[in-house]
**Student:** 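Let me begin by handing over the structure; questions about it come next.
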Amino acid sequence: MLDTALLWDWASFAMRWFHIITVIAWIGSSFYFIALDLGLRKAPDLPPGAAGEEWQVHGGGFYHIQKYLVAPERMPEHLIWFKWESYATWLSGAAMLMMVYWYRADIFLIDPLKLDLAPWQAMAISAASLTIGWLIYDRACKSKLGHYPAAFMALLLLALTAMAWGYNHVFTDRATFLHLGAYTATIMTANVFFVIIPNQKIVVADLKAGRTPDPEFGRIAKLRSTHNNYLTLPVIFFMLSNHYPLAFSGEWNWVIATLVFLMGITIRHWFNSRHAGKGSPYWTIPATLVLFAACVWLSTQRDVVAEETAALTTRGERYAMAEGFEEAADLVSAHCSMCHTAEPAWEGFATAPRGLLLDTPEAVANHAEEIYIFAGLTDAMPPGSANFMEPEDRAAIRDWFRAAEEGRLAQN
């Protein structure tokens with residue numbers, strides 16, 4: 001029988017896959033156009049208004065590309081707009097945020113030791129932070145500071161650091177990095193939706209009406225596009241980070257996040273300089289390695305504190321009261337807690353996989369759905385040579401979880 005947990009897990013997987021597809025499409029086109037823009041060359045036979053051209057070879061053929069700083073003399077009959085990749089990326093990412101972090105806010109979003117919030121409060125802060133962050137950024141871009149790109153990027157880095165510190169004092173460590181990625185991606189997509197595309201539409205409208213487009217619209221769009229270019233790599237890092245607790249978990253994770261933004265700048269500067277024909281800035285390689293080494297070192301700076309037993313969540317109470325809980329908790333303790341604990345005993349694990357702790361009965365009840373999927377429905381956990389679970393053990397976990405679900409349905 002298909003149950004809710006199974007369907008929800010497949011739905012999350014499908015949405016994550018769709019999100020990755022759109023990310024590839026958006027970032028691929030973004031990187032291509034930045035490289036194309038930087039690689040343009042002057043030529044004596046360029047048409048009026050053209051800033052440069054580039055010849056490329058790919059797929060067995062040659063491409064001759066010319067760029068107009070403002071617009072050509074007349075509207076071309078066939079014009080391709082690059083916008084839906086960005087919109088689909090943000091929408092699918094927002095869906096993932098809701099499906100994983102809002103749906104299980106009690107586990108993945110709220111950390112009572114930082115700020116004891118009700119789920120609706122945590123979700124409201126999550127949504128509001130993304131909106132307010134964009135409004136502040138947009139206002140700064142429209143100020144005089146927007147005419148000084150280097151100064152603006154320095155201010156943006158400070159703002160991102162402040163957001164990292166703030167998120168770390170509100171949400172779980174894992175949600176902190178996820179929200180930093182969502183906050184940055186919101187700025188990038190909003191740049192496309194509210195600035196870049198509208199400015200391009202104004203230029204197109206002027207061409208159709210026979211007016212000379214204002215070059216200021218192009219300058220503004222180029223500024224926002226440059227910001228997006230430097231923010232892309234940190235967003236990818238934050239997307240991947242939820243699989244690596246050493247990156248997101250710890251009191252210095254907000255500093256690690258700042259260093260990640262700096263690495264995004266050094267890496268993109270290498271590529272941008274080469275594409276622009278300005279040589280290879282080799283200093284960016286050791287600089288990036290030093291920044292990464294600093295991240296590794298910071299991940300080891302953890303205060304040893306007395307471990308507190310995680311309290312049962314409202315959802316967890318249902319599973320703790322279900323028939324078969326004690327047997328399931330004993331099975332998890334015997335087969336999973338050697339790795340899923342604050343100090344893993346299994347060789348090769350520096351931290352608990354995915355940051356998931358299962359070393360107390362309360363934690364087992366709180367994470368019942370994950371245990372059901374990974375150790376009940378599938379043989380994914382424990383993995384490899386650590387797997388000593390018998391089929392009847394997995395059956396006991398399934399029976400316990402389903403008993404809790406049947407009890408919930410009976411109450412409703």
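Side chains included, hydrogens not; waters and symmetry mates left out as well; all remaining heavy atoms used. This structure is a prediction, so every number in the text was calculated from the model and none was measured.
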**Student:** Got a sec, which pairs hit ring-ring contact (aromatic ring centres under 6.0 Å, His included) with one end in residues 119-155, sequence neighbours left out?
**Tutor:**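 Checked against ring-ring contact (aromatic ring centres under 6.0 Å, His included) - neighbours excluded - the pairs reaching residues 119-155 are Trp134-Tyr137, Trp134-Phe194, Tyr137-Phe152, Tyr137-His227, Phe152-His227.
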
**Student:** Just to verify, what does Gln200 make a side-chain hydrogen bond (donor to acceptor under 3.5 Å, both in side chains) with, not counting sequence neighbours?
**Tutor:**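 Residues passing side-chain hydrogen bond (donor to acceptor under 3.5 Å, both in side chains) with Gln200: none at all.
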
**Student:** Decide if atom CH2 of Trp270 counts as having more than 12 heavy atoms of other residues, nucleotides or ligands within a radius under 6.0 Å.
**Tutor:**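 Yes, enclosed.
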
**Student:** Quick one: are the ring centres of Phe193 and Tyr87 less than 6.0 Å apart?
**Tutor:**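 Yes, the ring of Phe193 comes within the 6.0 Å limit of the ring of Tyr87, centre to centre.
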
**Student:** Only counting residues at least two apart or in another chain, list the ones meeting side-chain contact (heavy atoms from CB on, under 4.5 Å) with Phe271.
**Tutor:**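 So Phe271 forms a side-chain contact (heavy atoms from CB on, under 4.5 Å) with Ile267, Arg268, His275.
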
**Student:** Is it true that the side chains of Tyr319 and Asn366 contain a donor and an acceptor less than 3.5 Å apart?
**Tutor:**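 No, because no side-chain N or O of Tyr319 sits under 3.5 Å from a partner of the opposite role on Asn366.
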
**Student:** So how far is it from Thr184 OG1 to Leu156 CG, rounded to the nearest 0.5 Å?
**Tutor:**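 With rounding to 0.5 Å, OG1 (Thr184) is 8.0 Å from CG (Leu156).
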
**Student:** Within a strict 4.5 Å, meaning less than it, do heavy atoms of the Asn242 and Phe108 side chains meet?
**Tutor:**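 No. Closest side-chain heavy atoms not under 4.5 Å.
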
**Student:** By side-chain hydrogen bond (donor to acceptor under 3.5 Å, both in side chains), which residues pair with Arg139, not counting sequence neighbours?
**Tutor:**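 Residues passing side-chain hydrogen bond (donor to acceptor under 3.5 Å, both in side chains) with Arg139: none at all.
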
**Student:** Apply the test side-chain contact (heavy atoms from CB on, under 4.5 Å) to residues Thr258 and Leu157: give CA-CA distance (whole Å), side-chain angles for both, the deciding distance (0.1 Å), then the verdict.
**Tutor:** CA-CA 7 Å; Thr258 302; Leu157 179 63; 4.2 Å; yes

**Student:** Backbone N or O of Leu6 within a donor-acceptor pair of the Asp9 side chain at under 3.5 Å?
**Tutor:**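 Pair absent, no side-chain N/O of Asp9 close to backbone of Leu6.
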
**Student:** Are there more than 12 heavy atoms of other residues, nucleotides or ligands under 6.0 Å from atom NZ of Lys114?
**Tutor:**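 More than 12 within 6.0 Å, yes.
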
**Student:** Do Asp393 and His335 have side chains that approach each other closer than 4.5 Å (heavy atoms only, starting at C-beta)?
**Tutor:**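 In contact.
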
**Student:** Any chance you could lay out the side-chain contact (heavy atoms from CB on, under 4.5 Å) test for Asp359 and His340, step after step, and finish with the verdict?
**Tutor:** CA-CA 7 Å; Asp359 47 4; His340 290 277; over 6 Å; no

**Student:** Do any side-chain atoms of residues 374-383 form donor-acceptor pairs under 3.5 angstrom with protein atoms, and if so which ones, sequence neighbours left out?
**Tutor:**
| from | atom 1 | to | atom 2 | distance (Å) |
| --- | --- | --- | --- | --- |
| Thr378 | OG1 | Ile373 | O | 2.9 |
| Thr378 | OG1 | Phe374 | O | 3.1 |
| Thr378 | OG1 | Ala380 | N | 3.4 |
| Asp379 | OD1 | Arg394 | NE | 3.1 |

**Student:** Tell me, please, which residues at least two apart from Arg315 pass side-chain hydrogen bond (donor to acceptor under 3.5 Å, both in side chains).
**Tutor:**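 By the side-chain hydrogen bond (donor to acceptor under 3.5 Å, both in side chains) rule, Arg315 matches no residue at all.
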
**Student:** Within 45° of the axis and under 6.0 Å from the centre of the six-membered ring of Tyr372, does NZ or CZ of Arg398 qualify?
**Tutor:**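 No.
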
**Student:** Return a table of donor-acceptor pairs under 3.5 angstrom between the side chains of residues 14-27 and protein atoms on other chains or two or more places apart.
**Tutor:**
| from | atom 1 | to | atom 2 | distance (Å) |
| --- | --- | --- | --- | --- |
| His19 | ND1 | Thr89 | O | 3.2 |
| His19 | ND1 | Ser92 | OG | 2.8 |
| His19 | ND1 | Gly93 | N | 3.3 |
| Thr22 | OG1 | Phe18 | O | 3.3 |
| Thr22 | OG1 | His19 | O | 2.7 |
| Thr22 | OG1 | Thr89 | OG1 | 3.4 |
| Thr22 | OG1 | Ser92 | OG | 3.4 |

**Student:** Around atom OH of Tyr244, are there more than 12 heavy atoms of other residues, nucleotides or ligands at under 6.0 Å?
**Tutor:**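 Counting neighbours around OH of Tyr244, 12 or fewer heavy atoms of other residues, nucleotides or ligands fall under 6.0 Å, so no.
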
**Student:** If you take all heavy atoms of Ser225 and Ile196, which pair is closest and at what distance?
**Tutor:**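 Here Ser225 and Ile196 meet closest at N-CD1, 4.0 Å.
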
**Student:** For Pro344 versus Ala352, what's the shortest heavy-atom pair and its separation?
**Tutor:**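 That closest heavy-atom pairing would be CG-N, 3.7 Å.
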
**Student:** For residues 285-296, which residue pairs pass the side-chain hydrogen bond (donor to acceptor under 3.5 Å, both in side chains) check, not counting sequence neighbours?
**Tutor:**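 Listed once each, the pairs are Thr266-Thr288.
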
**Student:** Please check: side-chain N/O of Thr284 versus main-chain N/O of Pro281, any donor-acceptor pairing under 3.5 Å?
**Tutor:**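 Such a contact is found between Thr284 side chain and Pro281 backbone.
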
**Student:** Can you tell me which residue pairs pass the ring-ring contact (aromatic ring centres under 6.0 Å, His included) test with a partner in residues 60-81, sequence neighbours excluded?
**Tutor:**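 Listed by first then second residue: Trp55-His64.
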
**Student:** Quick one, Glu54 with Lys67, criterion salt bridge (Lys or Arg N to Asp or Glu O under 4.0 Å). Give me CA distance, side-chain angles, the key distance, then yes/no.
**Tutor:** CA-CA 9 Å; Glu54 188 169 323; Lys67 178 180 179 179; over 6 Å; no

**Student:** Rounded to the nearest 0.5 Å, what separates atom CG in Asn229 from atom NE2 in His269?
**Tutor:**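 Nearest 0.5 Å value for the CG-NE2 distance: 12.0 Å.
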
**Student:** Could you state the interatomic distance from CD1 (Ile187) to CG (Asp138), rounded to the nearest 0.5 Å?
**Tutor:**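 It comes to 10.0 Å.
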
**Student:** Is there a side-chain contact between Ser86 and Met188 in this structure, where contact means two heavy atoms from C-beta onward sitting under 4.5 Å apart?
**Tutor:**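 SC-SC contact between Ser86 and Met188 ruled out.
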
**Student:** Taking only residues two or more places apart in sequence or in another chain, which ones pass salt bridge (charged side-chain N to carboxylate O under 4.0 Å, His left out) with Asp206?
**Tutor:**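 Expected list: Arg211.
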
**Student:** Give a yes or no on this: more than 12 heavy atoms of other residues, nucleotides or ligands lie within 6.0 Å of atom NZ of Lys83.
**Tutor:**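 Yes.
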
**Student:** Looking at side-chain heavy atoms only, is the closest gap between Met99 and Tyr103 below 4.5 Å?
**Tutor:**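 Side-chain contact under 4.5 Å: no.
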
**Student:** Determine whether Glu370 and His367 make a side-chain contact, defined as any pair of heavy atoms from C-beta on separated by less than 4.5 Å.
**Tutor:**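 Yes, side chains in contact.
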
**Student:** Tell me whether the centres of the aromatic rings in Phe238 and Phe261 are closer together than 6.0 Å.
**Tutor:**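 Yes, close enough.
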
**Student:** Do you know the tightest heavy-atom contact between Ala175 and Leu109?
**Tutor:**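 Answer, listing the atom of Ala175 first, then Leu109: CB-CD1, 3.9 Å.
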
**Student:** If I take atom CG from residue Leu246 and atom CG from residue Asn253, how far apart are they, to the nearest 0.5 angstrom?
**Tutor:**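 Going from CG on Leu246 over to CG on Asn253, the span is 12.0 Å.
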
**Student:** Would Ile397 and Ile371 count as a side-chain contact (heavy atoms from CB on, under 4.5 Å) here? Give the steps.
**Tutor:** CA-CA 8 Å; Ile397 290 175; Ile371 295 169; 3.9 Å; yes

**Student:** To the nearest 0.5 Å, tell me how far Asp173 CG sits from Trp254 CH2.
**Tutor:**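 Answer for the CG-CH2 pair, Asp173 versus Trp254, is 14.0 Å.
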
**Student:** Suppose we screen for ring pair (Phe, Tyr, Trp, His ring centres under 6.0 Å). Which residues come up paired with Phe82, at least two apart in sequence or across chains?
**Tutor:**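 Phe82 satisfies ring pair (Phe, Tyr, Trp, His ring centres under 6.0 Å) with Phe33 only.
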
**Student:** With sequence neighbours left out, write down each residue that passes side-chain hydrogen bond (donor to acceptor under 3.5 Å, both in side chains) with Ser126, or none if nothing qualifies.
**Tutor:**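 Scan of Ser126 (side-chain hydrogen bond (donor to acceptor under 3.5 Å, both in side chains), adjacent residues dropped) gives Trp102, His179.
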
**Student:** Locate the shortest heavy-atom distance separating Gly146 from Leu223; write the atom from each residue and the value.
**Tutor:**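 So the two residues come closest at O-CD2, 3.4 Å.
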
**Student:** If you round to the nearest 0.5 Å, how far is CG of Asp116 from CG of Asp111?
**Tutor:**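 Those atoms lie 9.5 Å apart.
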
**Student:** Ignoring hydrogens and angles, tell me if any N or O in the side chain of Ser241 forms a donor-acceptor pair with the backbone of Phe177 under 3.5 Å.
**Tutor:**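 Here the side-chain-to-backbone pair does not exist.
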
**Student:** Might you work through the side-chain contact (heavy atoms from CB on, under 4.5 Å) test for Asn199 and Glu216, ending with a clear yes or no?
**Tutor:** CA-CA 9 Å; Asn199 283 13; Glu216 180 65 8; over 6 Å; no

**Student:** Return the minimal non-hydrogen interatomic distance between Ala368 and Trp400, and the atom names on each side.
**Tutor:**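 Scanning both residues, the minimum pair turns out to be CB-CH2, 3.4 Å.
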
**Student:** Counting only N and O atoms by type, is there a donor-acceptor contact under 3.5 Å from the side chain of Gln301 to the main-chain atoms of Leu298?
**Tutor:**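 Flag not set: sc Gln301 to bb Leu298 has no pair under 3.5 Å.
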
**Student:** Look at the side chain of Ser280 and the backbone N and O of Tyr282, then say whether any donor-acceptor pair between them is shorter than 3.5 Å.
**Tutor:**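 Flag not set: sc Ser280 to bb Tyr282 has no pair under 3.5 Å.
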
**Student:** What are the two closest non-hydrogen atoms of Leu97 and Leu130, and how far apart are they?
**Tutor:**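 Minimum heavy-atom contact is CD2-CD1, 4.2 Å.
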
